[in-house]
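All values below come from the heavy atoms of this structure, side chains included, with hydrogens, waters and symmetry mates left out.
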Amino acid sequence: MRSVAIIQARMGSTRLPGKVLAPLGRMPVLGWVVRAAQAIPGVDAVVVATGSSAENDPIAAWCASARVAAMRGPDEDVLARYALAAREARADIVLRLTADCPLLDPAVCGQVLHLVASGCADYASNVDPATWPDGLDCEAFTADALFAADRLAGGAPEREHVTPFMRADRARLRNAPLVCPLPGLAAERWTLDTPGDMEFLQGIASRLGAAAPPSFVEVLALLRACPELRRPPSEVRNAGFARSVALAAATVPAGQRSFDRSRALLESAERLIPLGSQTFSKSRVQYPPGAAPLFLTHGSGGRVWDVDGNEYVDLVNGLLAVGLGYRDPDVDAAIRRQLADGISFSLSTELEQRLAAAIVRLVPCAEQVRFAKNGTDATSAAVRIARAATGRDRVITCGYHGWQDWFIGATTRSKGVPAAVRALTHPVPYNDLRAVEDLLAKHRGEFAAMVMEPANIVPPAPGYLGSLKELLHAHGAFLVFDEVITGFRFAKGGAQELFGVVPDLASLGKAMGNGMPISAVVGRADLMRQMEEVFFSATFGGEALSLAAALAVLAKIEREPVVERLWASGARLRAGVDGLLAARGLDGLVKLNGFDPWVLLSIEPHAHATPFETKTILLYELAARGVLTVGSHNVSYAHDEADLAHALGAWAGALDVLATMLRHGPVRPQMKVPPLEPVFRVR
C-alpha cells in the first residue's frame, strides 16, 4: 500500500497573499510543511498540488528548486486536483495536508494515517470533530474513496474543500477520528491566514529553531514558558468552508436525492421493529415518503446526514433534545472523561449531588432533585408525588406529557390503557381558567394536581399562570410544570423564570443532556421527600455519562449566551419565513406560532387543500432542499448564519411550490406523495 502526502498550496489569499512562500525563520512556510510531511511515519512520497494558473508559478518554481514533487491542476476544483495528484503519484492512501499549517506534528499525522493504513477506516482525521489546535489539521483516506468523491461530489463546498463528501458518506465509508488526549486545545490557533497569525508563528519559529519539525507538545511547552506569545483566537475555525457553505445557501433548489439505502433499511427494520423506529415522532409516519430521510448516520453542529449521504439543516434536533448542537465539544469532552472512569456503578456518584446543586441554583422551584431518563419518567414521578401527598387520584392536564397510562389514556392513543385509569385524567384547553374551575367544582376534593406545559403555541394570558396556581392551592391541589421542552430553553431557569410563576413541582429533560438520556423531577422539598417512600427507582437513574453531559450543558448555559442565541436565531428564522409568507400571500394560510426558541407551524384549511395536505407539501419540499423538520423550528445554539440562510432559501422554494399548486386547483391530484396523518393532537 503506497501512502502519499499531498499538500495543497496556492499563492492567492484574500487576507495574506503569497502566505505559503512567506519566510518563516530560515525557510518559507511551505518548507516547514514539506519537512513535516517527509517526517511522517508511513509516508512513502510527498507531493505539492497547486493550481494551474500563472499566479501559482512561484510555488512550482520553489518545488523544483527544493526537489519536491509538484503537480498542477484546477485552481478552484481542488477535489479534482487531488484526484489527479493521487493518480499521478500511484497512491493507494492519501494524506491530505494544507500549506498554511507550518507546525504540523509528524507523530500526530502518522497516527491519522495509520487509522487508514491499518484497515480501521476509509477516512480518518484529527479535524472531525475538532479537538486539536487549529493548524495541526490532517486527513487520510483511501484513493478509492477520493476517486468516488471526485465522481459524485457536486456542490462548490465539496469540490473546493476536498473531503466534505467523504466525511458525510458514513454509510459507505468507515470513519475514524483521532481525538486529542489533552482537553481544551481546540481553541488554540496555530494556522496561517492573517498577519496576526504570521506574527505568532514567527515568535514560535524564532524560539524553537528549524532543526526538526516540532511536536505539538513542544509548542505547548513553549507557550507555557512564554505566555506572552499566546493570543486569544480571533478567527472562526475553517472560515473558508463556512463562507463556501453560506454562499451555497443563497439559493436552495430542490436537489436530486437518493433514498435507496433508507428504503432498504426501512424494509429490513420493520421486520424487526414496529414502525422501524423506537419513537413515534421519529418514524416514517411523521415524514413525507420519498423526500425525507428515515435513518441518520451522524450530526455536526446544526446539521445531520442520512444513510444515503444527504445533508440537512436539522430543525428537529432530536425532538428538541439537542439544544447546543450535535457533537458540542464541551459536552463530548465531559462524556469522554467520564467514560474513562465508568458508566454505571453499584452506588451513587458525586456527579448526582453536583448536578442537583446546579439545577437548584438555576430552576426557581427546585429545592430537591431526582434523576431519570425520559421526560415521561419525570412527569409521571411528579404525578405520583402529588397523588401521594394529597391522597387524591384525579389529574388535570394541558399539553403533551409522554406515553404513560395516566396521560396517554386521555388521548386518541389510549389503546391498552384501562378505562378506570383513563377516567382519572382530564385535559383542559390552555388559557382557559374557567375550564379548570369547573372541573375542580365538579370533582371537589378529588384532584391531586394540574400538569401543564407552561407555554407552547400561545403565550399565557396576563395573570393566567398565577391565578391558576392560586385556584389549585385553594382546592388543595398542586401545580406541576412540564418543562421537558421549555426548561433551559426559554430561560436558564425555564418558563417558570421567564413568566415569574413558581410551580410546586416540575419535570425537566431534553436539552438538559444535549442528546444524552437524562431527565429530572424537581420541586418543593416537602413534596420531594415523598420520594423517600414513593417508589421511583431505576437501574440507570444515576448513569454517569448522562450526568457528566448535563453538568457540561448547564455550565455552558451559565457561561455562554446560549439562551440568548436560541431566541435570536429563532427570531431571525421566524421573521424571514413570515416575510416569505407575506410576499406570496400565504400569511393567512400558514402561521408560525409559539416562542422564538420553539416555533410551531399552524395551518388553516384552504379551498384547495386540507391542513395536512399543505403540511405534507411543505415538509416534502423543505426536505428536498435539505431542511429536516416535522413542522417546527427547534433551533440549537450551533445553528449559524449559513444554516439559517439555507433554511430560509429552502422555505422560499417550498412556498413557491405551494403557491403554484394552490393556483392550479385542488392540491391532492398534484401531490407527489399521500398526505401525512396526525399521530394525535395535543396542542
Side-chain angles (χ1 to χ4, degrees), residues 1-10 20 29-30 32-51 59 68-117 121-130 132-150 153 157-169 173-178 191-192 237-238 240-241 244:
M1 298 287 284
R2 179 174 167 82
S3 298
V4 179
I6 300 178
I7 305 166
Q8 65 185 70
R10 64 187 177 100
V20 301
V29 171
L30 181 56
W32 283 69
V33 179
V34 168
R35 182 185 62 173
Q38 292 169 336
I40 295 171
V43 166
D44 299 306
V46 175
V47 175
V48 174
T50 190
I59 292 176
V68 176
M71 195 287 303
R72 306 186 72 167
D75 285 286
E76 301 301 328
D77 192 345
V78 188
L79 176 54
R81 193 196 312 168
Y82 260 83
L84 287 170
R87 287 191 174 93
E88 189 172 294
R90 305 187 315 282
D92 298 301
I93 298 172
V94 173
L95 184 68
R96 181 191 177 221
L97 307 174
T98 58
D100 53 5
C101 295
L103 297 184
L104 280 172
D105 186 331
V108 173
C109 295
Q111 292 178 66
V112 172
L113 178 60
H114 182 71
L115 288 170
V116 176
D122 303 299
Y123 168 90
S125 81
N126 66 350
V127 299
D128 188 26
W132 295 83
D134 189 4
L136 295 187
D137 304 5
C138 58
E139 300 170 281
F141 37 85
T142 64
D144 287 343
L146 171 62
F147 299 149
D150 185 39
E158 294 176 334
R159 308 299 306 185
E160 182 183 352
H161 298 279
V162 182
T163 57
F165 184 89
M166 287 181 268
R167 293 203 303 268
D169 197 5
L173 301 178
R174 295 166 299 156
N175 185 292
L178 182 70
T191 191
L192 177 58
R237 190 170 188 136
N238 295 324
F241 180 65
S244 296

Go through I40 and L97 one step at a time and tell me if the side-chain contact (heavy atoms from CB on, under 4.5 Å) criterion holds. CA-CA 11 Å; I40 295 171; L97 307 174; 4.1 Å; yes

State, to 0.1 Å, how close V94 and A86 come at their nearest heavy-atom pair, and which atoms those are. CG2-CB, 3.9 Å

Consider only side-chain N and O atoms of T142 and D144, and report whether a donor and an acceptor are under 3.5 Å apart. no

Once rounded to the nearest 0.5 Å, what's the spacing between atom CZ of F141 and atom CZ of R96? 7.0 Å

When you measure from the side chain of R81 to the backbone N and O of A49, does any donor-acceptor pair fall under 3.5 Å? yes

Quick one: OG1 on T98 to CD on Q8, what's the gap to the nearest 0.5 Å? 6.0 Å

Taking every heavy atom of Y82 against every heavy atom of I7, the minimum-distance pair comes out as OH-C, 4.2 Å

For D150 and R159, what are the C-alpha separation, side-chain angles and deciding distance, and is it a side-chain contact (heavy atoms from CB on, under 4.5 Å)? CA-CA 8 Å; D150 185 39; R159 308 299 306 185; 2.6 Å; yes

W132 vs L178, test: side-chain contact (heavy atoms from CB on, under 4.5 Å). Steps then yes/no. CA-CA 9 Å; W132 295 83; L178 182 70; 3.9 Å; yes

Nearest-0.5 Å distance that lies between atom CE in M166 and atom CG in L79: 6.5 Å

Which atom names give the shortest non-hydrogen contact between A39 and P106, and what distance separates them? O-CB, 3.7 Å

Supply the atom-to-atom distance I93 CD1 to R2 CZ, rounded to the nearest 0.5 angstrom. 12.0 Å

Crowded around E76 CD? As in, over 12 foreign heavy atoms under 6.0 Å? no

Distance-minimising heavy-atom pair for P157 and P164: O-CG, 3.9 Å

Between R72 and T50, is there a donor-acceptor pair closer than 3.5 Å when you use the side chain of the first and the backbone of the second? no

Pairing of R174 and D122 as salt bridge, 4.0 angstrom limit: yes

Considering all heavy atoms of both residues, which atom of A140 and which atom of L95 are nearest to each other, and what is their separation? CB-CD1, 3.9 Å

So which heavy atom on A124 is nearest to which on L115, and how close? CB-CB, 3.7 Å

Hey, what do you get for CG (D92) to OG (S3), rounding to the nearest 0.5 Å? 7.5 Å

How far does CG of L146 sit from CG of L84, to the nearest 0.5 angstrom? 9.5 Å

When you compare the side chain of D100 with that of V29, does any pair of heavy atoms fall below 4.5 Å? no

